[in-house]
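Accompanying notes for the structure given below.
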There are 2 protein chains.
Amino acid sequence: MSYPLGVSLRADSARVREQMLLAARRRIEGGDLDLPLNAVAKDAGVGVGTVYRHFPTRQELLEALAADSLAELAGAAERAAEAADAGAALGDFLAAALSRLDRDPALALVLGASDAACDDTMRRSRELLGALTGLLDRARAGGAVRADVTAADLRALVCGVHHAAEVAGTGETGRYLRILLDGLKP
Amino acid sequence: MSYPLGVSLRADSARVREQMLLAARRRIEGGDLDLPLNAVAKDAGVGVGTVYRHFPTRQELLEALAADSLAELAGAAERAAEAADAGAALGDFLAAALSRLDRDPALALVLGASDAACDDTMRRSRELLGALTGLLDRARAGGAVRADVTAADLRALVCGVHHAAEVAGTGETGRYLRILLDGLKP
DNA sequence: ACCTGAACACCGTTCAAGT
DNA sequence: ACCTGAACACCGTTCAAGT
């Protein structure tokens, strides 16, 4: 039994796509933030052109790698926005975001980029910022956050804390987050 | 009148060195953080080998580019450590550091690096951290800074604020610094 | 449709040959 | 001593040729 041509091609394409993402993930988690596309192609056992067909730019590959993390973050923000104690929920969300950033190098690059290359990333980003805005409004109303902080600030500041922890070495994320949380109070 | 051979060579070498630094500065200030050494050589009108002779690694070129900024920072920290109001001096120093970081891309790369390649950078770094430790001690004694913050933390956090401002776009440095300063209070 | 891989331009880095 | 630039390996990116 063979699949109809269209389906078979799509299935094959999806398989190849997964191979490339797997190879890319292995590389970037191994600390190679450059992520040379030629090397990804070789690791995945496909031609370079195939990488470029699936991911026209390096940024699109990074966004594909970070997609799960970004979706999880957006979900966490939405749950946080409904929590009873908005101030505490904000702290928990930021801790979760930093923990993800520590484990997923691609997420740091995507969250730090000024704008998204893929529609999917754009959507998730908007979801995230929207939920965060709601969360901030409630936290502000509860007196937990100063007046002038926006969701975009929060995104930037989380990237900043992550970067600071990277500069310092390892294991400082928690302390730096506490400093940020204190600084966010009115 | 010709100079003795040794002096003439040294003078020529110094001239060539300045040409390379000038070319590199132009590139990096033009936004090319990659700073390709082949391109620097071409811009400076020297052979690639000459660049490598003067700056064996990219890191050493970056440190040469950031040397003035780093020296100025170390000086500012030493002056701050002697100021009457240690808390205020700390805030002023951090503002000055961030202003330098905004203007000198090489400084951000050097300050963010885990360790220095050149002895000179190492010395200046130690000077900076030493002065900062003194400043912190006095600010802490005056009740302006929480107990667990070290000079190394401060260095990392400044890099973090700078990074956050870069992620956010432009002009947020001041607001983010205020958040950091509030967060540093005990 | 999708994939391959040769091809070209460019950069990192070294080193033999020049002055 | 110091400088030059050819040389080699590698990566980004495109595109004609294959299936």
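So you know, we letter chains A, B, ... as the sequences are listed, proteins then strands, and number each from 1. Values in this document were obtained by computation on a predicted structure and should not be read as measured data. Below, each value reflects all heavy atoms present in this structure, side chains not excepted, and no hydrogens, waters or symmetry copies.
If you take CZ of A:R17 and P of C:dC2, they are 13 Å apart, rounded to a whole angstrom. Between the CZ atom of A:R15 and the P atom of C:dC2 there is a distance of 14 Å, rounded to whole Å.
Ion pairing between a basic and an acidic side chain is recognised when a charged N comes within 4.0 Å of a carboxylate O; A:R175 and B:D148 show such pairing. One finds a salt bridge joining B:E127 and B:R124 here, because a Lys/Arg side-chain nitrogen approaches an Asp/Glu carboxylate oxygen to under 4.0 Å.
Between A:V16 and A:H54, some side-chain heavy-atom pair lies under the 4.5 Å cut-off. Contact of the A:K185 side chain with the A:L181 side chain is not registered, since no non-hydrogen atoms from C-beta on lie closer than 4.5 Å. The side-chain heavy atoms of B:L184 and A:I179, taken from C-beta on, include a pair separated by under 4.5 Å.
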Can you run through DNA chain C from 5' to 3' and write each base as (, ), [, ], | or . depending on how it pairs? Watson-Crick or G-U wobble, both distances under 3.5 Å. ||.|||||...|||||.||
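Look at A:H54 and you'll find a side-chain N or O under 4.0 angstrom from OP1 or OP2 of C:dC3.
Remark: side-chain polar atoms of B:D43 are not paired, donor with acceptor, to backbone N or O of B:V40 under 3.5 angstrom.
Here the CZ-OG1 distance, from A:R178 to A:T173, works out to 10.5 Å after rounding to the nearest 0.5 Å. Rounded to the nearest 0.5 angstrom, A:L107 CG and A:L65 CG are separated by 11.0 Å.
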Sugar-phosphate means primed atoms, P, OP1 and OP2; the rest is base. With that split, encode nucleotides 10-18 of chain D 5' to 3' as B, S or - using protein heavy atoms under 4.0 Å. -SBBBB---
